[in-house]
Amino acid sequence: MAKNVKSKRTKARRLKGFRDISADDVLARDMMISRIREVYERYGFAPLETPALEYVDVLGKFLPEADQPDGGIFAFRDEDEEWVALRYDLTAPLSRFVAMNRDLPMPYRRYQVGPVYRVEKPGPGRFREFFQFDFDSVGTSSMLADAECCMVMCDTLEALGILRGDYVVRVNDRKVLNGVLEKVADGEALSDRVGLHILRSIDKLDRVGIEGVEQLLGPGRKDESGDFMSGVGLGAKQIDVVIRYLSIQEKTRAATCDALQQLVEGIAVGMEGVAELREIDEALRGGGYDEDRVVIDPTVVRGLAYYTGPVFEGVLTFDVVDEKGVTRQFGSVFGGGRYDNLVQRFTGQQMAATGASIGVDRLLAALQAIGKTQVDSAIAPALVTRLDKNLTAEYQRMAQELRSAGINTELYVGKQGIGKQFKYASDSGKTVAIVMGEDELQSGEVSIKDLRLGVELSQEIGSDRKKWLEEQPAQFSTPRSGLVKSIQEVLARYSAI
RNA sequence: GCCGGCGUAGCUCAGUUGGUUAGAGCGCCUGCCUGUGGAGCAGGAAGUCCUUGGUUCGAAUCCAAGCGUCGGUACCA
């Protein structure tokens with residue numbers, strides 16, 4: 001019988017890869033987002049919001065033949081049998097928006113923050129619903145816009161308290177990479193698949209090292225777990241081109257450009273890429289952003305899909321030791337690049353665009369790890385208790401008085417006795433509790449309890465509970481008229497600033 | 001996608017070579033104490049032992065698959 005009833009109860013469960021985010025983290029994230037927004041706005045980017053749901057073809061995810069959307073996204077059919085999906089980034093919706101609003105003043109510069117959704121295996125710091133915070137410039141092919149992306153990245157990270165030297169923005173250009181691929185091909189045709197494979201191998205440099213890349217480009221590579229990854233199967237001469245490319249490490253951006261130019265000399269697309277990097281370098285120098293903040297790094301690949309020119313990523317360079325004693329690094333928290341073909345899908349006309357995106361959750365985790373996100377977890381520092389339910393109207397008046405004075409104040413709305421009310425106040429992080437009963441009403445006073453002090457003093461109570469109850473060392477009385485002032489005084493004891 | 005660890009109360013976990021009614025600590029609720037947080041004492045609620053199938057007289061325990069979770073690797077628009 002009873003078992004039968006229980007089996008009908010709804011099981012409390014949550015979708016894989018999704019999270020509940022509690023007060024502290026929400027507050028920390030909000031604070032972070034507002035600081036980022038300030039930086040974006042400082043550069044003239046304006047907000048945009050788009051729906052969470054889009055048509056699948058707008059997102060660019062569909063298999064022309066199979067009547068099924070591509071994997072990796074949350075999709076379903078709407079009431080008109082159309083395929084609809086949750087957005088998996090903020091760039092595709094931006095492209096759609098620009099295509100639908102052709103009268104926007106160009107360049108159009110917008111920022112957008114919000115959750116995006118992907119169906120992938122959740123991992124450490126990887127979820128199926130996560131926040132991105134993007135900014136983009138649409139409608140200009142000027143490298144100044146790309147250089148500005150790098151500057152905004154720097155300013156953003158510093159605005160969040162990350163010190164110069166603890167991060168670096170790395171820049172590369174897809175055209176340079178394409179030039180290198182062309183040189184590897186050496187006149188032969190290089191299939192897209194092989195090109196892709198080479199780029200992926202390059203992308204793994206910081207994980208597997210230069211020897212690892214060499215193996216990946218050649219016969220393949222076995223990692224320490226014994227897993228074998230098949231290689232690209234390039235010849236020694238071809239591998240040498242890539243290795244020489246990856247070995248370029250010059251002191252200045254200009255010198256790096258020189259070295260790159262030497263490598264892709266005579267290859268049109270490569271030369272074009274180097275020229276773009278030179279323009280970016282110049283713009284960065286004009287803005288005062290030197291090599292201590294932005295470097296040209298040939299090893300940057302950044303995804304493989306729609307980037308057409310410069311690509312950049314913001315990387316945190318410090319390590320953090322987590323609670324298990326394991327050293328972790330956060331790596332890339334910011335990524336972006338130029339995508340000149342994305343709006344064309346809708347309009348048939350090329351529309352230049354460039355921008356970058358913050359992985360909000362990862363950056364927040366990094367900030368929390370280095371203690372740059374102190375938030376006060378108690379929204380309201382004050383609790384008005386209800387000792388005598390008949391005096392509720394007076395309690396409400398006191399609460400309103402405090403609120404009018406700018407003190408977030410909670411009126412106890414539960415049904416428990418005063419003892420439980422103090423426990424509640426303490427457990428929910430309140431700093432101060434206000435008590436008024438018959439005694440106080442008679443004498444025209446209120447009792448105020450410093451809960452934090454109470455916690456401290458309670459360590460020393462020992463067994464003499466009666467004495468503690470009589471003396472109440474953390475509590476004092478004050479005239480009813482001085483309520484606000486007294487509360488302010490108690491709160492001032494603990495105010496951080 | 002592939003490889004591995006782990007799934008027992010809200011949490012952290014114990015549970016003998018397979019054996020009767022599945023335990024502990026913390027937390028929660030009630031009372032001692034209806035005007036006070038800690039401590040103490042007394043009592044209480046709370047379990048599909050992840051699921052399904054198999055082996056067995058008998059399974060939380062052994063086997064298989066699945067699901068979940070954590071980690072490695074791949075992918076990352």
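Numbered from 1 within each chain, the chains take letters A, B, ... in sequence-line order.
- Under the Watson-Crick or G-U wobble criterion, with both distances below 3.5 Å, B/C6 is paired with B/G68.
- Applying the Watson-Crick and G-U wobble criteria (two distances, each under 3.5 Å), B/C11 pairs with B/G25.
- A sub-4.0 Å separation between OP1 or OP2 of B/U69 and a side-chain N or O of A/R14 is absent.
- In terms of position along RNA chain B, the nucleotide closest to A/Q416 lies nearer the 5' end than the nucleotide closest to the other residue of the pair A/A474 and A/Q416.
- Heavy atoms of A/L457 sit nowhere under 4.0 angstrom from any nucleic acid atom.
- Per the geometry, CZ belonging to A/R87 stands 23 Å off P belonging to B/C76, to the nearest Å.
- For the pair A/E470 and A/K467, the salt-bridge criterion is not met [side-chain N within less than 4.0 Å of a carboxylate O].
- At a threshold of 4.0 angstrom between heavy atoms, the contacts of A/D203 with the nucleic acid are absent.
- Residue A/K423 has a polar side-chain atom (N or O) positioned under 4.0 Å from OP1 or OP2 of B/C28.
- The CD atom of A/Q472 sits 7 Å away from the P atom of B/G37 (whole-angstrom rounding).
- Here A/Y306 does not lie in a stacked arrangement on the base of B/A77, lacking the combination of planes under 30° and ring centres under 5.5 Å apart.
- The nearest whole Å value for the distance from the OH atom in A/Y88 to the P atom in B/A77 is 10 Å.
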Result block: side-chain N/O donor-acceptor pairs under 3.5 angstrom for residues 351-360 of chain A, not counting sequence neighbours:
from   : atom 1 : to     : atom 2 : distance (Å)
A/T354 : OG1    : A/D146 : OD2    : 2.8
A/T354 : OG1    : A/G337 : O      : 3.3
A/S357 : OG     : A/D134 : OD1    : 2.6

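- Base pairing annotation: B/G58 forms no Watson-Crick or G-U wobble pair, as no partner gives both donor-acceptor distances under 3.5 Å.
- Side-chain proximity of A/M229 to the nucleotides B/A74, B/G35, B/G37 is greatest for B/A74.
- Between B/U36 and B/C32, the distance separating the two C1' atoms is 16 Å to the nearest Å.
- Between the side chain of A/Q421 and the base of B/U36 there is no donor-acceptor pair of N/O atoms closer than 3.5 Å.
- Between the P atoms of B/C41 and B/A65, the separation comes to 49 Å (whole Å).
- Relative to the ring axis of A/Y307, A/R302 does not place its NZ or CZ within 45° and under 6.0 Å from the centre.
- The base of B/G71 sits with one of its N or O atoms less than 3.5 Å from a complementary donor or acceptor on the side chain of A/K121.
- Between B/G5 and B/C33, the two C1' atoms lie 49 Å apart (nearest whole Å).
- Ion pairing between A/D361 and A/R19 holds under the 4.0 Å rule for side-chain N and carboxylate O.
- If you measure from atom CZ of A/R128 to atom C1' of B/C76, you get 14 Å, rounded to the nearest angstrom.
- If you take atom P in B/G19 and the same atom in B/A60, they sit 10 Å apart, rounded to whole Å.
- When the nearest nucleotides of RNA chain B are assigned to A/G454 and A/G17 by heavy-atom distance, the more 5′-ward of the two goes with A/G454.
- An OP1 or OP2 oxygen of B/C75 is reached within less than 4.0 angstrom by no side-chain nitrogen or oxygen of A/R126.
- In this structure, of B/A74, B/U36, B/G35, it is B/U36 that holds the atom nearest to the side chain of A/Q475.
- Rounded to an integer number of Å, the gap from CD of A/E440 to P of B/G35 is 12 Å.
- Within the 4.0 Å cut-off from OP1 or OP2 of B/U30, at least one side-chain nitrogen or oxygen of A/K420 is found.
- Rounding to whole angstrom units, OH of residue A/Y307 and C1' of B/A77 are separated by 8 Å.
- Comparing the C1' positions of B/C50 and B/C67 gives an interatomic distance of 8 Å, to the nearest angstrom.
- Within the nucleic acid shown, A/P122 has no heavy atom closer than 4.0 Å to any nucleic acid atom.
- Residue A/D388 is classed as having no contact, given no heavy-atom separation below 4.0 Å to the nucleic acid.
- Between A/E276 and A/R174 there is no salt bridge, since no side-chain nitrogen of the basic residue lies less than 4.0 Å from a carboxylate oxygen of the acidic one.
- Pair assignment for B/U20: none, as no Watson-Crick or G-U wobble contacts are both less than 3.5 Å.
- When the P atom of B/U34 is taken as reference, atom CG of A/L469 falls 12 Å away, rounded to whole Å.
- Nucleotide B/A42: paired with B/U30 (Watson-Crick or G-U wobble, both distances less than 3.5 Å).
- Residue A/R386 is out of contact with every strand shown, counting any heavy-atom pair closer than 4.0 Å.
- Between A/R493 and A/E489 there is no salt bridge, since none of the side-chain N atoms of the basic residue sits less than 4.0 Å from a carboxylate O of the acidic one.
- B/G43 and B/U8 have their C1' atoms separated by 25 Å, with the value rounded to a whole Å.
- In this structure, OH of A/Y412 is placed 14 Å from P of B/G37, rounded to the nearest angstrom.
- Taking the side chain to side chain donor-acceptor pair (under 3.5 Å) definition, one finds that A/K430 meets it with A/E410, A/S428, sequence neighbours left out.
- Picking from B/C75, B/C28, B/A77 the nucleotide with the shortest atom distance to the side chain of A/K204 gives B/C75.
- The side chain of A/R118 approaches B/A77 more closely than any other nucleotide in the set B/C28, B/A77, B/U69.
- Relative ring orientation between A/F74 and A/Y117 is described as perpendicular, the plane-to-plane angle rising above 60° on a 0-90° scale split at 30° and 60°.
- Taking atom C1' on both nucleotides, B/G54 is separated from B/C76 by 41 Å, rounded to a whole Å.
- A gap of 26 Å separates the C1' atoms of B/A24 and B/C62, to the nearest Å.
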